[in-house]
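Contents: one structure, followed by commentary.
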Amino acid sequence: MRSRILFVLLLLSAGQAPAGATPVLQPNVGYLSIMDATPGDTLTLVHPQRGQVASGQADAYGSLLFPFLEQGTTYTVQNAAGGASMSATILHFEDHPPQSFYEAQTLTEGYQYIRMRDGTLLAATVRPPLGKMIADGPFPTVIEYSGYNPAEPSATPAQPSELIAWALGYAVVGVNMRGSGCSGGVFGIFDYATTADGYDVVETVGVQPWVLNHKVGMVGLSFSGISQTFVGGSRPPHLGAVAPLSTIADIYRAPGYPGGIFNNGFAQSWLSERGRDAQPAPMGGQSWARKRVNDGDTVCLANQKMRLQQLDPVLQTKAFPYYTPAFMDERSPATWVDQIEVPMFYSAAFQDEQTGPDFASMLSRFPVRPDVKVTVQNGVHTSPFDLEVVWDWVAFLDIYVAGRVPNPSRMSPFAPILTLQILGTGSPMVPVPSDSYDDVTSLDDAKARFESRPFVVVRMENGAGSSIPGLPVSRFQRGFSQWPPKEAKPMTLFFAAHGKLARKRPHSKKVDGYRPDPAARPMSSLPTGSAWDVIPPYEWLPLVEGTAIAYATPPLKKSLTEVGPGSVDLWLRSSATDSDL
């Protein structure tokens, strides 16, 4: 009984409306939020031409969500319990507020909330550079924006990119996406509303007096790397540079449905985690949000109003078993990157165990400009934090955000800490790279040197470049002016007898057959340890005879460097309704 009484009290303190209250309509880009309705009331959504299109009951918080609505259309909401109808116009993505909207918000040092165009408050923490106060500004400033915990008001920044930038003299602003942590609203998987919020965050931060040159950069790996591609493509005027790391190319092919099959590994676990994080605090949600509410943060508590309307991210993804442009284009970096007009530094790894290698399919869409640089490598999800890449990342931020001669070597004291964070306690120390700007004395010369680098740098044989096998150091690098590389020579191999890949087309009409048996397939190649270990304990099990077919070349007679995409032309007959390739 006590827990039920506590739950009711929390609902009341979160702003539950009394019976007969007038609901508040909050239109956003593509959906309509209704708050402060009487719990249990049935609300109906009416389209101006099509009539009634949806209905639902207000939840225990008095909230209801109508998703997937037409931008720019004015809908009417009717209450079955009576009262006057109410109307709201769904926002267009391009409906940016006037500049005065952003200038009216003052951000100070520490934890606070930033108001979005629809009135939603996003949690944010502002930190001046390590050892400085906000009054010492202006500072070069970067933003980390994701649904993890960038806004958590901890002693040091919670996310690695924020932490590095903060230690190297940048002011950092960590912002939680709507529907996560203490931020208001409903979490959407990279939807237009989330991107519009990112635009508003950049514009609000950019006008602050403590921001150097009123231009901000964006940083982050994975979630916060992906969000940069959308925000960069939306072109907020106060954005100065982006540095996305370890991203996807589109939401469908990787990691959602690689090969058209739902990814019930990482993708499902990640989506499930987002759903748990979006539960209302303090009963659920992220631990830091629960603590904020329990410590008396009434804004954080009020921001939980819409959380019971959260769409299940797993079910939402499974509702689209095929690539659906109307739903997925807005959620796929590949459809945004060619719109990015500011300098960009990008890095990812081909063996990324979380987001996969499909990022490479969008590299050809990147703007080919001197201030856009790409570094790719064999490696894992954290490989963009390899010191060889971080040195270039620091130089990029120094040039395009701080506007100063780069000094990546000041990262040296923090290199052991970064190595231990990724590779674990007891791991060998990674050699510190040389500073390729130590002889440069002017910003113009530094920029010219950076921009003279190839468009794409490929770090070859990462893990074989030091005396310790597996340590994240490349053995050599290759640079290319475009992707796929124009220097690459296509090589055709043919399926031949006895499981061989041959350079010449075989004359035989032989057909290879097998009996698919998922139970016989090795389910894991990493039974223990971590993919981030220096030498992960991979277990490469042979395929069970008769249940699979594999083809391989004979031993190579000389070294062969492979760079760029590959494809397979395959003819298949199957007695099964569905076959997994």
Side-chain angles (χ1 to χ4, degrees), residues 7-8 10-48 50-91 116-122 177-180 182-189 191-194 196-197 274-281 283-285 289 299-316 319 327:
F7 181 67
V8 172
L10 287 168
L11 288 178
L12 290 172
S13 60
Q16 181 187 9
T22 302
V24 173
L25 306 188
Q26 190 180 61
N28 204 317
V29 182
Y31 64 82
L32 177 65
S33 298
I34 302 176
M35 293 180 287
D36 297 339
T38 301
D41 276 3
T42 298
L43 305 173
T44 300
L45 189 69
V46 180
H47 186 277
R50 302 201 307 270
Q52 178 179 334
V53 291
S55 65
Q57 285 190 326
D59 62 28
Y61 286 101
S63 301
L64 182 63
L65 179 74
F66 288 121
F68 310 123
L69 304 182
E70 297 173 2
Q71 295 183 34
T73 298
T74 301
Y75 291 83
T76 300
V77 176
Q78 299 173 343
N79 192 338
S85 298
M86 305 176 68
S87 297
T89 301
I90 306 305
L91 301 185
M116 301 294 102
R117 64 188 66 182
D118 69 337
T120 298
L121 298 176
L122 300 191
M177 291 173 172
R178 65 174 54 228
S180 69
C182 279
S183 293
V186 175
F187 175 75
I189 307 173
D191 58 7
Y192 276 131
T194 304
D197 287 348
R274 304 286 71 74
R276 291 191 296 271
D277 280 355
Q279 294 303 303
M283 292 76 69
V299 177
C300 181
L301 179 59
N303 277 348
Q304 311 299 308
K305 283 182 182 180
M306 290 298 302
R307 297 297 183 87
L308 296 179
Q309 293 297 307
Q310 174 65 45
L311 302 177
D312 185 306
V314 175
L315 296 180
Q316 189 179 2
F327 178 78

Exercise. Output the distance between atom CG (L91) and atom CG (L32), rounded to the nearest 0.5 Å.
Key: 10.0 Å
Quiz item: What's the shortest heavy-atom distance between P39 and G62, and which atoms?
Solution: CG-N, 4.1 Å
Quiz prompt | F66 side, atom CZ; Q309 side, atom CD - distance, nearest 0.5 Å | solution = 9.0 Å
Quiz item: Can you find a heavy atom in the side chain of L308 that is under 4.5 Å from one in the side chain of S63?
Solution: no
Quiz item: How about T120 and M306: do any of their side-chain heavy atoms sit closer than 4.5 Å?
Solution: no
Quiz item: L64 versus V77: any side-chain heavy-atom pair under 4.5 Å?
Solution: no
Quiz item: Measuring from L65:CG to Q26:CD, what's the distance to the nearest 0.5 Å?
Solution: 10.5 Å
Quiz item: Are Y75 and E70 close enough, and set up right, to give a side chain to side chain contact (heavy atoms under 4.5 Å, CB included), and what steps lead you there?
Solution: CA-CA 9 Å; Y75 291 83; E70 297 173 2; 3.6 Å; yes
Practice problem: Report yes if some heavy atom in the side chain of Y31 is under 4.5 Å from a heavy atom in the side chain of L311; otherwise report no. | Solution: no
Quiz item: Quick one: does L43's side chain get under 4.5 Å of I34's, heavy atoms only?
Solution: yes
Quiz item: Which heavy-atom pair separates L122 from M177 by the least distance, and what is that distance?
Solution: CD2-C, 4.2 Å
Quiz item: Is there side-chain contact between Q71 and V29, with heavy atoms separated by less than 4.5 Å?
Solution: yes
Quiz item: Distance from T74 atom OG1 to H47 atom NE2, nearest 0.5 Å?
Solution: 9.5 Å
Quiz item: What distance separates R276 CZ from Q310 CD, expressed to the nearest 0.5 Å?
Solution: 13.0 Å
Practice problem: Under the side-chain hydrogen bond (donor to acceptor under 3.5 Å, both in side chains) rule, collect the residues that match up with N79, sequence neighbours excluded. | Solution: D41
Exercise. Report the distance from atom SG of C182 to atom CG of L121, rounding to the nearest 0.5 Å.
Key: 11.5 Å
Quiz item: Do side-chain atoms of Q78 reach the backbone of T44 as a donor and acceptor pair under 3.5 angstrom?
Solution: no
Quiz item: Got R274 and I189 here, is their nearest side-chain heavy-atom distance under 4.5 Å?
Solution: no
Self-check item: Beyond-backbone contact of D118 with R178, side-chain heavy atoms, under 4.5 angstrom
Solution: yes
Quiz item: What residues form a side-chain hydrogen bond (donor to acceptor under 3.5 Å, both in side chains) with S183, not counting sequence neighbours?
Solution: none
Quiz item: Closest approach of G72 and T89, non-hydrogen atoms and distance?
Solution: O-CG2, 3.7 Å
Quiz prompt | T194: side-chain hydrogen bond (donor to acceptor under 3.5 Å, both in side chains) partners, not counting sequence neighbours | solution = D191
Self-check item: For A58 against T38, the heavy-atom pair lying closest together
Solution: CB-O, 3.5 Å
